[in-house]
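Lettering of chains follows the sequences in order, A, B, ..., and the numbering in each one begins at 1. This structure is a prediction, so every number in the text was calculated from the model and none was measured.
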Amino acid sequence: MFTQADKKNSRKQKLVSGARISYNDVPYPTRLNFYMSPPSLEISIEEFEQFALDRMQVLTTLLNAQVRNMTSEQLDKNVDAAIRKYMPMHKNTSGIPQNQLMDERRKDHVSHFILRLAYSRSQELRSWFLRAECALFRYRFEKEILSDQLEFLEQQNLSWKKVSDDDKSLLKEKLLPLIKPHNNTNLDGVTYFEVDFERVTGLVGRRQVYVQGGKAYVPLADQVVLVLDEFKERLAHALEVTGKILPRMEEDDRLMPVLNNINKQYLGREFTTSAIAGEIQAQDVDNLKVHMPLCMEHLHNELRREKHTRHGGRMQYGLFLKGIGLSLEQALIFWQMAFEKLTPDQFNKQYAYNIRHSYGMEGKRTDYTPFSCRHIIQNNAPGPGDHHGCPFRHFSAPNLRATLAAHHVDDFDTEDIMSLVQGRHFQIACTRYYEVTRARMLDIATENLKGGGINGGQGNTGMVASQELIEHPNQFFEQSYLLMQSKESSASIAKSGNGDFMDGQAQSTLQPTVKGQYTYKKSGVQTSSHSNLDMEL
Amino acid sequence: MSDMDVDQTSLGTAMSNSSKAVEVGQLEAKEDELDHLFDNLDDVEITKAENPWQTKTTSLELFSAKDSGIDHLAGDSLRQFKLFYRHFFPAKPYFQWLNYSNSPIPSKNFMNREFSFFLMDETFMRYQSFKSLDELKQELTRLCPTRIDLGAVYNIRPKDKNMVRSGALTAVSKELVFDIDMTDYDEIRTCCSGGDVCTKCWEFMTVAMKIIDTALREDFGFKHLLWVYSGRRGVHCWVADMRARVMTNDQRKAIVQYLEVVKGGAHQVRKVKLPSTLHPSLSRSRKTLENHFRNLMFSSQDILTTPKQWEKVLAIIPDQAIQDEIRKEWESAPTRAPAEKWENLKTIIDQKTNVKSPLRAIHLDIMFQYTYPRLDDKVSIDIRHLLKSPFCIHPKTGRVCVPIPIETCDNFDPTSAPTVPQLVKELNEYDERHPSNGNSPKLQDWQKTSLRKDVEVFEQFVKGIMHDISDRKRDDASKSLEF
């Protein structure tokens, strides 16, 4: 793909025909594509970049929607909107002129290959792209009308071994329990494929299929899994290959900057050492507990109680602390003091290395970033004796209730949060927890000012409305910390300004001087954006 | 008492007493010279420079196991390790296993395998690799690791890791492994906790081995499984089939998820939620669990005798009314037999729920939570994860990590796994009974001890793998002939 010759050609071509895709007879009979061969056509640099960015919009929308645990209708709505806007793909039966249909599908084809180039340079990028493309393929396959699905499969010449009727009756007792609905008692209408279990890891992991002697028996209804596996396998292989030949493109000074740019653009925010509270000392951590999300606060409390934390907890909490500005030196002090049962020698031998490692000072010297909510929720669920994880995800309901009660969340809000948890909206539950508890903290702060005359109670819930879904423990901390900072500074200034905070004049004079005011203002505006969020989610 | 004995005793006391360090030094200086005469150690000087504590031990090599006083050395654990690697470590089958080849020439499987060593001074050496069995043996006796871990087979020699750009070291294959540790059972076992283990709670391991072994063989079609006592409070499983060794992390994860039933951290009371219709694999496991549940729960672990114990069981039932009902029933006659209490529980749940209720089969959930194997999933999922090698000595218990034959796993007793002093004693006794006269066939030292049966289990496992390799070769050959 995009060989040197092609590129030279393309330069020539551009002079002749301008920035137009030149049509040839690549047929796209359906909207589905395994992207087996690269497109051979001319494309301008501008289109090159635009196509890539458009596809990125679709992929990120889809992945984000999945992360946010949306219901399938909400997810469809969001993703369809993105597809319509950035990369419309119409059905064969939609009545759109043939050449327009082909144009759409060609764009899909081309943009896929551009992103392949951009995302094949490292393992991390490759696995992101693989995940995103598989999600998109699955989404499209499931939405495709049956006749087009079949046409596509036929065209790909995919063959899986069908289980004969004799074998089926032999296995009947094993296969029946896995059929839905469970009262079904015959297998007559069901076609099964016999495939190596390695190919349907998802179905095996969820115990959805019968497995015997290394073979999985996949019913026709789960065929999409097989198709997707095929897609994934081919794409993973292709990415490896592309990754290996990529260095040959290094000398290309037109495409490389574009490609390099693409994969940097949408990776989302990484919380590196943000040090929002400035350099934090080991002994400050206890005071900062109030700003921590429930997961970190829990880890902190358990650390103090047990004088120890197991590995998963040390990783989750240690990196979080790193994210809020605890330096390596202070981290060593913090953990050593926390593990008070150990002698300094024991501590140095058993734990110091790991702490230095997580600060990128040992081993492969990766500067690890704090875990995101998604990471905490999806990976490495806590085992017996562990305290890490997400309380909304990993606590049992009674335990979570008790924890919420201990944080003075009232019955009404508790029910609200519990129902979010029930619906597996863990991050939204956490966002809700943030709003409820911060509002209370503000009330207390207000009361402490002895009637300083600020807003009173009722406005606060709006004020603390989280700017967005909590997606990162450090984001929770940062928002909470800034909110209280702004509150304190505005409060103290309000106090010195004779408590006349509501006076428009006073407010306008505040703006340029108060550091936290920005956040305050922002959160004020966010009342509306929050209600948007509620609607969308 | 021979002169030798006296010498050793004085050495022993000198070692424990730092003020006599000079004396030890002198003693060793003399023996170092002898060392050169008897042993073909290449660079004793370099060895010493790298390992300050090494000087203490070189003298040990002088004492052959035939010396009558060898058991006097039992106190010094470093000596134990050294003796073990010298005399009892089954190097040959061990090499054959890791080499995955019928040929004695080291293959990539062996040369590119990561070994990791924990040393006496708590140094941890990762990414070691060896070009030959001799090199491995030499390093074992030189470094005396207190623990050997095996990692993956990589695309290059792990030792050369720093000679390639970072990230170029990729894992190619490794056995599918499982680690089952008794600490994960602490919340449900009542006889011991932490590092302790007794024959009562060992039954948890027996159940675990049976269930995992059957699933791996029947469901996934694996044939070459080696179960190994971890030396203290758990068991490891090595699945060495070709197909298992080349699995990706995702595939390993799928198997782990397939096997895993007990989920949730310390803050989740109910850790098992079975679907209303069991997967055939779980139906089969259920039968195994039922065979052990009564003995394990009502007799050895005793989970229903006192209110304190039974409250833990009741807490799993997420319905307050049913909990109260059962509690009332039990409290009415708290001394009744645990089995009877269990029947009460089942009856009350039957009465209080209808057929469609999700709580209908909660007694199954409880049984699974209390007996189903608890895996350390990270060990199995990541191909690069290290796992302690078979035939190590556990540094805390001194016991050899011996294979457990699955057919007779019911009879395995962790407290009877051999220790080095015991092996030395057996060896000495054997030699006394069979004074060498030059005619008897030369036996390996481990063959003269109770370790023999353990190594034979291991050899059987290796033999099976070798058989497969020959079969595959023959298949390939006949295929190529066809063309």
Heavy-atom proximity to chain B below 4.5 Å, by part of [X]:
X: A:E302; value: side chain
X: A:V209; value: backbone
X: A:H387; value: side chain
X: A:H388; value: neither
X: A:K349; value: side chain

[X], part contacting chain A, at a heavy-atom distance under 4.5 Å:
X: B:R374; answer: side chain
X: B:Y185; answer: neither
X: B:E122; answer: side chain
X: B:I381; answer: neither
X: B:L282; answer: side chain

For the [atom1] atom of [X] and the [atom2] atom of [Y], what is their distance to the nearest 0.5 Å?
X: B:T183; Y: A:R310; atom1: OG1; atom2: CZ; result: 6.0 Å
X: B:S281; Y: A:Q212; atom1: OG; atom2: CD; result: 11.5 Å
X: B:N249; Y: A:T201; atom1: CG; atom2: OG1; result: 11.5 Å

Considering only heavy atoms from C-beta outward, does the side chain of [X] approach that of [Y] to under 4.5 Å?
X: A:N380; Y: B:K378; value: yes
X: B:V261; Y: A:R207; value: yes
X: A:F197; Y: B:I255; value: yes

[atom1] of [X]: more than 12 outside heavy atoms within 6.0 angstrom?
X: B:M125; atom1: CE; result: yes
X: A:K174; atom1: NZ; result: no
X: A:K232; atom1: NZ; result: no
X: A:Q350; atom1: CD; result: yes
X: B:R384; atom1: CZ; result: no
X: B:K253; atom1: NZ; result: no

If you compare all heavy atoms of [X] against all heavy atoms of [Y], which two are closest, and at what distance to 0.1 Å?
X: A:S396; Y: B:Q268; value: CB-CA, 4.0 Å
X: B:Q251; Y: A:E198; value: NE2-CB, 3.3 Å
X: B:L278; Y: A:P177; value: O-CB, 3.7 Å

**Prompt:** Between A:P382, A:A397, A:G389, which residue shows the highest count of heavy-atom pairs closer than 4.5 Å to chain B?
**Reply:** A:P382
**Asked** In a check of side-chain contact (heavy atoms from CB on, under 4.5 Å) between B:P280 and each of A:L175, A:L178, A:V211, which one passes?
**Response** A:L178
**Asked** B:R243, B:K271, B:E218: which one forms the most heavy-atom pairs within less than 4.5 Å of chain A?
**Response** B:R243
